[in-house]
> 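Just passing along the structure, written as structure tokens.
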Amino acid sequence: MSRIGKKPVPVPAGVTASVDDRVLSVKGPKGVMSMPMSDDISYDISEGQIAVTPANETKRARAFWGMQRTLVSNLVIGVSDGFIKVLEITGVGYRASVQGANLKLQLGYSHDVDFAIPDGITIKTPDQTTVEISGSDKQRVGQVAAEIRRWRKPEPYKGKGIKYRGEKIFRKEGKKK
């Protein structure tokens, strides 16, 4: 029995959900998102909520139940509020700036790194050491943040590099004499 799957997904005001040809579509102020519906799961759209239940008693249906409910919840949150990941850059001379459709990163290499901002993703740099990535698709926001972080992961001795806000870096002690 899925504890997450039992809870219906609340649909806030201004967001509408519809089923069309085994595709669940959710429309809100931040856009329209859709996902294919699983055959093992039944979706019930009633006033103000979407209930997700297993369509049959198979082990596969029970395994998909909680995941499908979470995916539906991510669609609703994405079109109503959106998702944000914040990266922090630490290091002397390390900085970031948005120039047109590119994110320009100076990370201690002999060249600047130009990262093309994908469609559906918004990147802001409130200051030179902070990068805010936002969008309506949780998976794409996380993937873009991971690709930017991959250019210079935080190292354990001085903590230089790109890290997520709130991430704890395990620090090592340097060499002793």
> Can you tell me if F170 has over 12 outside heavy atoms packed within less than 6.0 Å of its CZ?
no
> Taking all atoms of both residues into account, what is the closest heavy-atom pair of P29 and G14, and its distance?
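Taking P29 first and G14 second, the nearest heavy atoms are CD-O, 3.9 Å.
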> With the 4.5 Å side-chain cut-off for hydrophobic clustering, are I133 and V98 part of the same group?
yes
> Under the criterion side-chain hydrogen bond (donor to acceptor under 3.5 Å, both in side chains), which of R69, R22, Q68 is the partner of Y43?
Q68
> Do Q106 and Q128 have side-chain heavy atoms sitting under 4.5 Å apart?
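Not in contact.
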> Mind checking what makes salt bridge (charged side-chain N to carboxylate O under 4.0 Å, His left out) contact with E88, not counting sequence neighbours?
K163, R165
> Is it true that V141 and V72 fall in one hydrophobic cluster, defined by side-chain heavy atoms closer than 4.5 Å?
no
> Which heavy-atom pair separates E147 from W151 by the least distance, and what is that distance?
O-CD1, 3.4 Å
> Would you say I4 ends up clustered with I77 if hydrophobic residues are merged whenever their side chains have heavy atoms under 4.5 Å apart, either directly or through other cluster members?
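Hydrophobic grouping puts I77 apart from I4.
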> Just by modelled atom types, is the G66 backbone N or O under 3.5 Å from a matching donor or acceptor in the T70 side chain?
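Indeed, once roles are kept as given, a pair shorter than 3.5 Å links the two residues.
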> Output every pair passing salt bridge (Lys or Arg N to Asp or Glu O under 4.0 Å) with a member in residues 116-129, not counting sequence neighbours, ordered by first then second residue.
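Qualifying pairs, neighbours excluded: none.
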> Does one hydrophobic cluster hold both I117 and V113, with members joined at side-chain heavy-atom distances below 4.5 Å?
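They do share one cluster, since a chain of ILVMFWY contacts under 4.5 Å joins I117 to V113.
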> Can you measure from OG (S136) to CD1 (I121) and round to the nearest 0.5 angstrom?
7.5 Å
> Return the minimal non-hydrogen interatomic distance between S134 and I84, and the atom names on each side.
CB-CG1, 3.8 Å
> Would you name the heavy atoms of A96 and V131 that are closest together and state the gap between them?
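Shortest heavy-atom separation between A96 and V131 comes out as CB-CG2, 3.8 Å.
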> If we ignore hydrogens and angles and just use 3.5 Å, is the side chain of Y164 paired with the main-chain N or O of R149 as donor and acceptor?
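Checked: no pair found.
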> Tell me, do K158 and T90 make a side-chain contact under 4.5 Å, heavy atoms counted?
no
> Atom OG in S97, atom CG in L105: separation rounded to 0.5 Å?
8.0 Å
> Any chance you could measure K85, atom NZ, to R140, atom CZ, to the nearest 0.5 Å?
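Those atoms lie 15.5 Å apart.
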> Is there a path of hydrophobic side-chain contacts, each under 4.5 Å between heavy atoms of I, L, V, M, F, W or Y residues, that connects F83 with V76?
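In one cluster: no.
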> Which distance, rounded to the nearest 0.5 Å, do you find between the OG of S73 and the NZ of K138?
8.0 Å
> Can you see which heavy atom on V15 is nearest to which on S80, and at what distance?
CG2-CB, 3.9 Å
> Between Y94 and I162, is there a side-chain heavy-atom distance shorter than 4.5 Å?
no
> What is the distance from atom CZ of R62 to atom CG of D40, rounded to the nearest 0.5 Å?
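Separation between the atoms: 11.5 Å.
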> Taking the side chain as everything from C-beta on, heavy atoms only, tell me whether V26 gets closer than 4.5 Å to V11.
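A side-chain contact is absent here, since even the closest heavy-atom pair is not under 4.5 Å.
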> Once rounded to the nearest 0.5 Å, what's the spacing between atom CG of L87 and atom CD1 of I148?
6.0 Å
> Look at the side chain of R95 and the backbone N and O of T129, then say whether any donor-acceptor pair between them is shorter than 3.5 Å.
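Not a single qualifying donor-acceptor pair exists.
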> Restricting to non-hydrogen atoms, name the atom on L107 and the atom on R152 that form the minimum distance, rounded to 0.1 Å.
O-NH2, 2.8 Å
> Check for a donor-acceptor pair, side chain of S42 on one end and backbone N or O of T53 on the other, with a separation under 3.5 Å.
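Side chain of S42 to backbone of T53: a pair is present.
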> Under 3.5 Å, side chain of W65 to main-chain N/O of I41, donor-acceptor pair present?
no
